[in-house]
Amino acid sequence: MTIFNTAGMQRPPTHPGAMLREDFLPDYGLSVEQLADALGVSRQSMIAVLDERKAVSPELALRLARLFGNSPEFWLNAQRAVDLWEASQSIKHEVEKIKPLDFAEDTDMLVTIAKYCCF
């Protein structure tokens with residue numbers, strides 16, 4: 001699975017609801033009601049995703065992947081990019097105040113991090 005770098009983006013990533021609204025629904029000739037029915041979710045819930053007021057959950061990602069023949073990761077990665085961008089915008093100044101550790105300052109911590117993320 002590829003994780004794209006969203007650091008330095010000047011515009012927000014495309015919300016999965018916008019992808020559905022602008023690409024998937026027209027390409028498949030689906031109405032909101034047909035999409036909601038096919039997924040087994042409420043129309044109100046689907047409208048909230050399409051209007052970008054609600055995030056794509058893992059459960060909805062599984063349903064969307066099954067319906068459109070792609071992967072749940074496609075939908076969750078798109079949502080993750082939006083969530084990270086929004087978080088980075090909301091706490092940007094706080095994050096900038098954090099002083100990164102020097103490599104020599106905390107090698108035990110780096111060994112611990114490497115154990116969990118890299119091997």
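Both Val56 and Leu67 sit in one connected hydrophobic cluster of ILVMFWY residues. Membership requires side-chain heavy atoms under 4.5 Å apart, directly or through other members. By the rule that hydrophobic residues join a cluster once side-chain heavy atoms approach within less than 4.5 Å of another member, Leu62 and Leu64 end up as members of separate clusters. Criterion: ILVMFWY side-chain heavy atoms under 4.5 Å apart, direct or through other members. Under it, Val41 and Phe74 are part of a common hydrophobic cluster. Leu84 and Val82 fall into different hydrophobic clusters, defined by Ile, Leu, Val, Met, Phe, Trp and Tyr side-chain heavy atoms under 4.5 Å apart, directly or through other members. When hydrophobic clusters are built by joining Ile, Leu, Val, Met, Phe, Trp and Tyr residues whose side-chain heavy atoms come closer than 4.5 Å, directly or via intermediates, Tyr28 is grouped together with Leu60.
In this structure, CD in Glu96 is found 10.5 Å from CD1 in Ile91, a value given to the nearest 0.5 Å. One finds the CD atom of Gln44 at 10.5 Å from the NZ atom of Lys54 (value rounded to the nearest 0.5 Å). Asp37 contributes atom CG, which lies 12.0 Å from atom CE of Met46 (distance to the nearest 0.5 angstrom). Here the straight-line distance linking atom CD1 of Ile47 with atom CG of Leu35 works out to 10.5 Å at 0.5 Å rounding. Rounding to the nearest 0.5 Å gives a distance of 9.5 Å between CD of Glu22 and OG1 of Thr14. Put simply, CZ on Arg80 and CD on Glu73 are 12.0 Å apart, with the number rounded to the nearest 0.5 Å.
Pairing each heavy atom of Gly40 with each of Arg63, the nearest pair is O-NH1, 3.5 Å. Shown here for Ala78 and Met19, the closest heavy-atom pair between the two residues is CB-CE, 3.5 Å. The two residues Pro13 and Ala81 have their closest heavy-atom pair at CG-O, 3.4 Å. Considering every non-hydrogen atom in both Ala65 and Ser71, the closest pair reads CB-C, 3.4 Å. Nearest heavy atom pair, residue Leu20 against residue Pro26, reads O-CD, 4.1 Å.
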Criterion side-chain contact (heavy atoms from CB on, under 4.5 Å) on Trp75 and Phe68, from CA distance to verdict:
CA-CA 11 Å; Trp75 299 103; Phe68 292 116; 4.0 Å; yes
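Judged by distance alone, with hydrogens and angles left aside, the side-chain atoms of Arg21 form a donor-acceptor pair with the main-chain N or O of Leu50 at under 3.5 Å. At distances below 3.5 Å, not a single donor-acceptor pair connects side-chain atoms of Gln79 with backbone N or O atoms of Ala55.
Other residues, nucleotides and ligands place no more than 12 heavy atoms under 6.0 Å from the CD atom of Glu33.
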